[in-house]
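Notes to accompany the following structure.
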Amino acid sequence: MIELLSSQEDEGTFESYFGFRETPFGVTPDPRFFYSHPLYLEGLAALVYGIKAKKGLMLLTGEVGTGKTILLRKLMRQLETTVQFVFISSNHITSYGLVELMIQDLGLANKEKNRLEMIHELNEHLLQQLKKGHTVALLIDEGQNLSDDALEGLCSLSNLETEEEKLLQIVLVGQPELATRLTKSSFRRIKQRIAIHHRLHSLQTVGEVEDYIRHRLRVVGYDGPEIFNREAIEAVWYYSAGTPRLINIVCDSALAMTWQAFKKKVSAYTIMKAASALLLERGYEAPKLGVPEVGALRLKTPTRIHQKRTEGNGTEVNTGDPFQRTVVQLHATDQVTISEMEANATVVCAQFFDYMTRIATAAMGPMAHLVLRDQIAALGESRDAFPRIKLRQLVDLVSREILNETMRDRFQNMMFQEMDALQPLRV
């Protein structure tokens, strides 16, 4: 049983235990954690260029959790000396509310003024900033939640200009449905004003996820031994599908579990448990991890290894599930002598574990081979010489990690059937 750390310990115990200055996988958009990946650097460069060149209206889109807000924070940090930013993240505000929020944020008087008067005052402020060599930029986060009136109001704001340049630089940020929404004919006035559109997407490879994790560890000052091994990183990739926010959430939870277990390395098994606790299943574009594909639509029927009594030349092995059986002919090189069979009668054969892994994978996903490996080790055994008398213990331990009750029962039934088909132990 895992002994949990006392809740009375210092709040900094989690960070100090691993040697972090602070939490490496927080979900707040801290620009210090900006990940210098080409995709994000290109987006940052595009927005910096658009604001400096005074292009007017720019669009940044990306799925939930892909890093849009942290990119905006990095943009503000990079241009803070020459650009006056107004950052708005508000749901369903009206066009009047948008102008009013800008006036308030800029410190301009807005009492007892109508919308036209506020726009006039805003225009005067923008001209004054232009004379000082300063630029004003409006950043609108969660733009997909803007009302139709608010989106239409952006046209009026984008019309604030001189004969040479736009006075207000607008960066509209939102999820992909924002771009889809702007394709409607009713929003063609806005769409025609978009000078730059950059799209963010999730990290595409396991290597990128690994680099992202190491980057965040470096930011908090960690330079010690490896915490996340390759299998753990593959598991993070599998459950997060490369989405930075999900990577942060899974890694933070897994680190907490590892800390509570008084360990220093995060295992793939811990990642799987953390993801399960967070109700995460396989990511939409998850990679293959060297195990059979799973999922209701692509699950391949596991091949059974039912062993018949040796008859004649002993070359037949029945395979299949309870509903379908086929006959597989063994090659000459696969045949074993009676003495070899007797020598291995008390240990579990490799084919049995291959079958067990496939059944477990169908029940819990591609991390099953890691669960099986860890539970074998927990029993103080190895896969190469696992005693048959401990098989029921192993099945019980693995079953506990299957969250779906139906899949757990199916796994147990199939494994017990296979165990019953094994030759009786010789006493």
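Not measured: the values here are computed from a predicted model.
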Legend entry - Carboxylate-amine/guanidinium proximity below 4.0 Å for Glu405 and Arg410: no
Inset, instruction - Please answer whether the main-chain N or O of Ile249 pairs with a side-chain N or O of Ser253 as donor and acceptor at a distance below 3.5 Å. - result: no
Legend entry - Donor on one side chain, acceptor on other, Thr23 and Glu15, under 3.5 Å: yes
Inset, instruction - For Tyr269 and Glu231, test the side chains for any donor-to-acceptor distance below 3.5 angstrom and give the result as yes or no. - result: no
Inset, instruction - Taking only Lys NZ, Arg NE, NH1 and NH2, and the carboxylate oxygens of Asp or Glu, determine whether Arg230 and Glu210 approach each other closer than 4.0 Å. - result: yes
Inset, instruction - Measure from the side-chain N and O atoms of Lys265 to the backbone N and O of Phe228, and report whether any donor-acceptor pair falls under 3.5 Å. - result: no
Legend entry - Exam field: side chain Thr162 to backbone Glu165, donor-acceptor pair closer than 3.5 Å: yes
Legend entry - Flag, side chain of Arg181 to backbone of Gln144, donor-acceptor distance under 3.5 Å: yes
Legend entry - Ile227 backbone acceptor or donor facing Lys264 side chain under 3.5 Å: no
Inset, instruction - Check whether any side-chain N or O of Glu152 sits under 3.5 Å from a backbone N or O of Asp148 as a donor-acceptor pair, and report yes or no. - result: no
Inset, instruction - Look at Asp223 together with Arg21 and state whether they make a salt bridge at an N to O cut-off of under 4.0 Å. - result: no
Legend entry - Inter- and intrachain pairs under ring-ring contact (aromatic ring centres under 6.0 Å, His included), touching residues 184-213, at least two apart: Tyr35-Tyr212
Legend entry - The single option from Leu146, Leu101, Asp141 passing side-chain contact (heavy atoms from CB on, under 4.5 Å) against Ile88: Leu101
Legend entry - Check: Arg216 side chain, Pro24 main-chain N or O, donor-acceptor pair, under 3.5 Å: yes
Legend entry - Between NE2 on residue His369 and CG on residue Asp374, distance to nearest 0.5 Å: 10.0 Å
Legend entry - Heavy-atom pair with the smallest gap, counting every atom of Gly65 and Thr243: O-CG2, 3.3 Å
Inset, instruction - Measure from the side-chain N and O atoms of Glu142 to the backbone N and O of Gly174, and report whether any donor-acceptor pair falls under 3.5 Å. - result: no
Legend entry - Residue pair Thr270 / Ser267, side-chain donor-acceptor N/O under 3.5 Å: yes
Legend entry - Check: Gly56 main-chain N/O paired with Gln169 side-chain donor or acceptor under 3.5 Å: yes
Legend entry - Under 3.5 Å side-chain donor-acceptor pair for Thr61 and Arg199: no
Inset, instruction - Establish, from distance only, whether the side-chain atoms of Thr66 and Ser202 form a donor-acceptor pair under 3.5 Å. - result: no
Legend entry - Validation row, ring centre Phe353 to ring centre Phe386 under 6.0 Å: yes
Inset, instruction - Report yes or no: is the cationic atom of Arg73 (NZ for Lys, CZ for Arg) closer than 6.0 Å to the six-membered ring centre of Phe34, at no more than 45° off its axis? - result: no
Inset, instruction - Ignoring hydrogens and angles, tell me if any N or O in the side chain of Asn123 forms a donor-acceptor pair with the backbone of Ile119 under 3.5 Å. - result: no
Legend entry - Distance flag, aromatic centroids of Phe85 and Phe87, threshold under 6.0 Å: no
Inset, instruction - For Tyr17 and Gln260, test the side chains for any donor-to-acceptor distance below 3.5 angstrom and give the result as yes or no. - result: no
Inset, instruction - Indicate whether the side chain of Gln84 and that of His125 have a donor and an acceptor atom separated by less than 3.5 Å. - result: yes
Legend entry - Minimum heavy-atom distance Val398-Met356, with the two atoms named: CG2-CE, 4.3 Å
